[in-house]
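For reference, positions follow the sequence shown, starting with 1. Computed over heavy atoms, backbone and side chain alike; hydrogens, waters and symmetry mates excluded.
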Amino acid sequence: MFDYCIVGSGLFGSVFAYEASKRGKKCLMLEKRNHIGGNCYTKTQENVNVHTYGAHIFRTDSKEIWDYVRQFADFNHFINSPLANYKGAIYNLPFNMNTFCKLWNISTPKQAQDIIESQRKAALKDLKGAPKNLEEQALSLVGIDVYEKFIKGYTQKQWGRDCKDLPASIIRRIPVRLTYDNNYFNDPYQGIPKGGYTPIFEKLLKNCEVRLNADFLKHKEQFQAKAKKILFTGTIDSYFEYRFGELEYRSLKFEEEILEIPNYQGVAVVNFTDEQTPYTRIIEHKHFEFGTQEKTIISKEYPQTWDKSKEPYYPINDSKNQALFAKYQELAKQEQNLLFGGRLGSYQYYDMQDVIKAALELVKREFAQ
Ligand code: FAD
Ligand code: UDP
């Protein structure tokens, strides 16, 4: 008999498994994929650590989380400074003085501010109250030029919807700066684990029994009988057999290529912000670790409509889905000895630091005494 049956070996399940094992609890980890690590998983190919499920850059504003994660790996000094490719022209991201300088042929923060301010006023003269959707939020942050070239096409590809039909919160993740600073994040701590993410998971799961290619939902009763408590980090609607209907997700397809050249794009991440290019990003994996290998590996990231045969990468947190999620949460509360967590179990657009925080909060609640 196990104390916990943990479903999903992503960051949430694995942090919980580590902390529970440390407290003497017997844990069984079930993972339906053929590897541990969830979407953070990296594999080594041509001596390059490949981020199989898209670029994963660790950053946090919390010293506690930074110290926590560094128990399991050394981190390098990588700073994410992606580029935007708009119809062949290259601009810096996030939106900062380097972007504005190239866009408007200006040089001072005052000039940039004046342009943004006049564009905001023109675009928002009919807007009453706080921005209600992503388009209004973007226009009120950066004005029409930045919106049209860097946000509209990318966002519509990424989410498969018009910017007017998306929550404003999505775009608030990206900094806007009147300084010449290309760091995509504001967090004080940032880096990539040397050697990739998978060794972190090997350490987190070292005292836990792990079964790969094991889908909990296919043998639910059998697994429920094996443990006192279940922690489920898959999609909450799948656990309840879609009783109230399906929550919506956005899926992705990654196309990897090995190239016989040492350097393809000179930077880890390039965003293709026009509407026509079918992929949103190309990542060149070696640049996450300053690689000097003879070959290089790139991945193109194509957004896809989600259905049950595809991986659910992003929750779509609009009001319709939030209301449906609330109904599933009510069901979850009625179940005994059942916990949910992580990006899919909590239906939250969580980054790695949020997932670690949430897992450690659950640990505190579970082992309070
Ligand atoms: P997951 O990693 O999704 O793990 C869930 C696991 O559960 C999966 O392995 C799945 O196979 C398994 N599972 C599901 N159902 C079952 C079942 N029925 N039976 C058995 N196993 C099951 N965060 C950052 O901080 N920085 C970044 O740069 C960053 N980039 C990202 C880029 C992309 C393209 C994506 C999609 C996410 C990115 N993230 C990033 C977010 C990060 O991936 C998540 O915060 C984190 O991986 C979530 O961990 P999790 O454990 O909640 O979920
Ligand atoms: N976004 C954009 N243009 C870009 C990058 C991002 O319009 O060049 C928007 C897009 O809507 C995206 C959101 O900002 O979904 C958040 O971007 P982020 O890079 O944080 O996305 P993630 O890495 O989570 O996919």
Side-chain angles (χ1 to χ4, degrees), residues 4-17 30-33 37-41 53-54 56 60 65 132-134 137 155 158-161 163 165-174 215-217 220 229-252 303-366:
Y4 291 93
C5 171
I6 301 168
V7 184
S9 66
L11 202 50
F12 194 96
S14 298
V15 166
F16 186 85
L30 302 177
E31 171 53 60
K32 69 177 175 185
R33 294 180 182 168
N39 291 338
C40 300
Y41 170 75
Y53 301 97
H56 275 74
T60 179
I65 298 292
K132 288 178 289 299
N133 56 51
L134 195 150
Q137 179 69 70
T155 297
Q158 169 73 3
W159 297 96
R161 298 178 177 205
C163 291
D165 301 326
L166 285 163
S169 56
I170 292 177
I171 200 74
R172 284 192 217 118
R173 293 164 58 89
I174 305 185
D215 187 338
F216 172 82
L217 296 174
K220 201 169 176 179
K229 272 195 175 178
I230 307 286
L231 166 59
F232 191 81
T233 73
T235 52
I236 190 167
D237 51 341
S238 73
Y239 183 91
F240 292 111
E241 287 152 23
Y242 307 100
R243 197 175 306 176
F244 302 128
E246 287 173 17
L247 285 164
E248 287 176 287
Y249 302 90
R250 192 72 176 146
S251 194
L252 300 169
Q304 283 196 320
T305 306
W306 176 83
D307 63 49
K308 281 189 220 153
S309 69
K310 300 203 179 75
E311 288 288 342
Y313 288 108
Y314 291 91
I316 300 184
N317 297 108
D318 60 9
S319 48
K320 183 178 131 223
N321 284 300
Q322 287 306 114
L324 185 54
F325 173 63
K327 287 174 78 175
Y328 282 115
Q329 263 186 315
E330 277 310 309
L331 267 190
K333 274 189 209 148
Q334 290 159 28
E335 297 260 340
Q336 288 208 326
N337 302 324
L338 173 62
L339 306 162
F340 285 92
R343 188 147 152 150
L344 302 172
S346 316
Y347 201 63
Q348 296 268 347
Y349 192 176
Y350 276 158
D351 286 319
M352 289 182 274
Q353 62 157 329
D354 307 316
V355 167
I356 296 177
K357 244 181 237 166
L360 293 177
E361 275 160 21
L362 177 63
V363 167
K364 258 192 211 148
R365 288 198 299 277
E366 277 294 287

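- Phe340 pairs in a ring-ring contact (aromatic ring centres under 6.0 Å, His included) with only one of the listed residues (Tyr347, Phe240, Phe325), which is Phe240.
- In this pair, Phe244 and Tyr328 present their aromatic rings tilted. The plane angle is within the 30 to 60° band.
- Glu330 has a carboxylate O that lies under 4.0 Å from a charged side-chain N of Lys333, or vice versa, which qualifies the two as a salt bridge.
- When each of Lys220, Lys32, Glu31 is tested with Asp215 by the rule side chain to side chain contact (heavy atoms under 4.5 Å, CB included), just one qualifies, namely Lys32.
- Side-chain contact between Leu331 and Tyr239 is absent, with no heavy atoms from C-beta onward closer than 4.5 Å.
- Closest approach of Pro167 to Asn317, counting heavy atoms only: CG-O, 3.6 Å.
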> Are Ile316 and Tyr349 close enough, and set up right, to give a side-chain contact (heavy atoms from CB on, under 4.5 Å), and what steps lead you there?
Replying inline: CA-CA 8 Å; Ile316 300 184; Tyr349 192 176; over 6 Å; no

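- Expressed to the nearest 0.5 Å, how far OG1 of Thr60 lies from NZ of Lys357 amounts to 5.5 Å.
- Separating the CD atom in Gln137 from the SG atom in Cys163 is a distance of 12.0 Å, to the nearest 0.5 Å.
- In this structure, Ser9 contributes its side chain and Gly37 its backbone to a donor-acceptor pair below 3.5 Å.
- Interatomic distance, Leu360 CG to Arg365 CZ, rounded to the nearest 0.5 Å: 11.0 Å.
- Using a 4.5 Å heavy-atom threshold, the side chains of Glu335 and Phe232 count as separate.
- Looking at heavy atoms from C-beta onward, Asn39 lies out of side-chain contact with Arg343 at the 4.5 angstrom threshold.
- To the nearest 0.5 Å, the span separating CG on Asp318 from CG on Asn133 amounts to 12.0 Å.
- Counting only distance, with no hydrogens or angles, the side chain of Asp307 and the backbone of Ser309 share a donor-acceptor pair below 3.5 Å.
- Residues Tyr53 and Glu311 have side chains that never bring a donor and an acceptor to within less than 3.5 angstrom of each other.
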>> Please evaluate residues Lys308 and Tyr242 with respect to the criterion side-chain contact (heavy atoms from CB on, under 4.5 Å), reporting the C-alpha separation (whole Å), side-chain torsions for both, the decisive distance (0.1 Å), and the verdict.
In response: CA-CA 11 Å; Lys308 281 189 220 153; Tyr242 307 100; 3.6 Å; yes

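- Inter-residue side-chain proximity for Thr155 and Ile170 is flagged as unmet; no heavy-atom pair is nearer than 4.5 Å.
- When only modelled atom types and interatomic distance are considered, Arg250 and Gln158 share no side-chain donor-acceptor pair under 3.5 Å.
- By the 4.5 Å heavy-atom criterion applied to side chains, Cys5 and Leu30 are counted as neighbours.
- Smallest separation of non-hydrogen atoms from Pro312 and Thr235: CG-CG2, 3.7 Å.
- The CG atom of Leu339 sits 5.5 Å away from the CG atom of Leu231 when rounded to the nearest 0.5 Å.
- Taking the centre of each ring, Phe12 and Tyr350 stay at or above the 6.0 Å mark.
- Across Ile236 and Ala332, no two heavy atoms sit closer than the pair CD1-CB, 4.5 Å.
- Residues Lys327 and Arg243 form no side-chain contact, since every pair of their non-hydrogen atoms from C-beta on lies 4.5 Å or further apart.
- Listed here is the closest heavy atom pair of Leu247 and Asn321: CD2-O, 3.4 Å.
- Judged by distance alone, the side chain of Thr233 and the main-chain N or O of Val7 form a donor-acceptor pair under 3.5 Å.
- In this structure, CG in Leu344 is found 8.5 Å from OG in Ser238, a value given to the nearest 0.5 Å.
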